[in-house]
Amino acid sequence: MSDRHPLFKPLIFVGGIVFGFGLGFSHMARPEVVLNFLQFDDFGLPFVMFGAAIVSGVAFALLPRIRDAAPLTGDPYERRLKPFDRNVLVGGAVFGVGWGLSGICPGAAYASLGVGNITILWALAGMFLGAYAQGYWRSRSQARDTAVTGAD
């Protein structure tokens, strides 16, 4: 982290402000809007998501042609492909259940605090507990797998 550009953290902060403003401006920081989408009553969410994906996609397609490395980290641009495996399917399904129950996704949950939705703190606490439980479960699984492999 110390080899990063001095503007890395301020730029991340500004990016968060822009992201949160966009979520609030598009009403995506309101759980009722997300729940209306999940009930197929309001399709504004896909338009916001695709609009953001198009802008980000154009930026990520053009930047490697302009520069050899990321301006703030100095890391070379490269593709990092993740395997499409059982963990992706199970994790996506569990994420979907949590998204449906809470009516908000993680990024929008933080922005929802900014628009005055204090009740969302329950969802944020649940997200932290869920992530902690998954990390604990994974670390115990890896330790168990290592012990079995070491005994062989």
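Heavy atoms only, all atoms of each residue included: Phe95 and Cys105 are closest at CZ-CB, 4.3 Å. Residues Gly107 and Leu23 share a closest heavy-atom pair of O-CD1, 3.7 Å. Across every non-hydrogen atom of Ser112 and Ile104, the tightest pair is CB-CD1, 4.5 Å.
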Counting only pairs under 3.5 Å, give me each side-chain donor-acceptor contact of residues 27-40, with atom names and distances, residues two or more places apart or in other chains.
from	atom 1	to	atom 2	distance (Å)
His27	ND1	Arg30	NH1	3.2
Arg30	NE	Glu32	OE2	3.2
Arg30	NH2	Glu32	OE2	3.4
Asn36	ND2	Glu32	O	3.2

Could you give the side-chain donor-acceptor pairs of residues 41-48 under 3.5 Å, partners two or more places apart or in another chain?
from	atom 1	to	atom 2	distance (Å)
Asp42	OD1	Gly44	N	3.0

With a 3.5 Å cut-off and sequence neighbours excluded, list the donor-acceptor pairs that the side chains of residues 50-61 form with protein atoms.
from	atom 1	to	atom 2	distance (Å)
Ser56	OG	Ala52	O	3.2

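Scanning for side-chain contact (heavy atoms from CB on, under 4.5 Å) contacts around Thr119 gives Asn117, Trp122, with sequence neighbours left out. Partners of Leu124 by side-chain contact (heavy atoms from CB on, under 4.5 Å), not counting sequence neighbours, listed by chain and number: Ala109, Tyr110, Leu113, Ile120, Leu121, Met127. In this structure Val94 satisfies the side-chain contact (heavy atoms from CB on, under 4.5 Å) test together with Val90, sequence neighbours excluded. Annotation: side-chain contact (heavy atoms from CB on, under 4.5 Å) contacts of Trp137 (sequence neighbours excluded): Gln134, Ser141. Among residues two or more places apart in sequence or in another chain, the ring pair (Phe, Tyr, Trp, His ring centres under 6.0 Å) test is passed with Phe21 by Phe25.
As a member of the Ile/Leu/Val/Met/Phe/Trp/Tyr network built from side-chain separations under 4.5 Å, Leu63 groups with Tyr77. Residue Phe84 is found in a hydrophobic cluster whose other members, listed by chain and number, are Val88, Leu89; membership requires side-chain heavy atoms under 4.5 Å apart, directly or through intermediates.
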Is there a side chain to side chain contact (heavy atoms under 4.5 Å, CB included) between Leu62 and Arg67 once you walk through the steps? CA-CA 9 Å; Leu62 291 178; Arg67 297 181 52 100; over 6 Å; no

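Around CG of Asp68, the count of heavy atoms belonging to other residues, nucleotides or ligands within 6.0 Å does not exceed 12.
The backbone N or O of Leu81 sits nowhere less than 3.5 Å from a side-chain atom of Arg79 that would complete a donor-acceptor pair.
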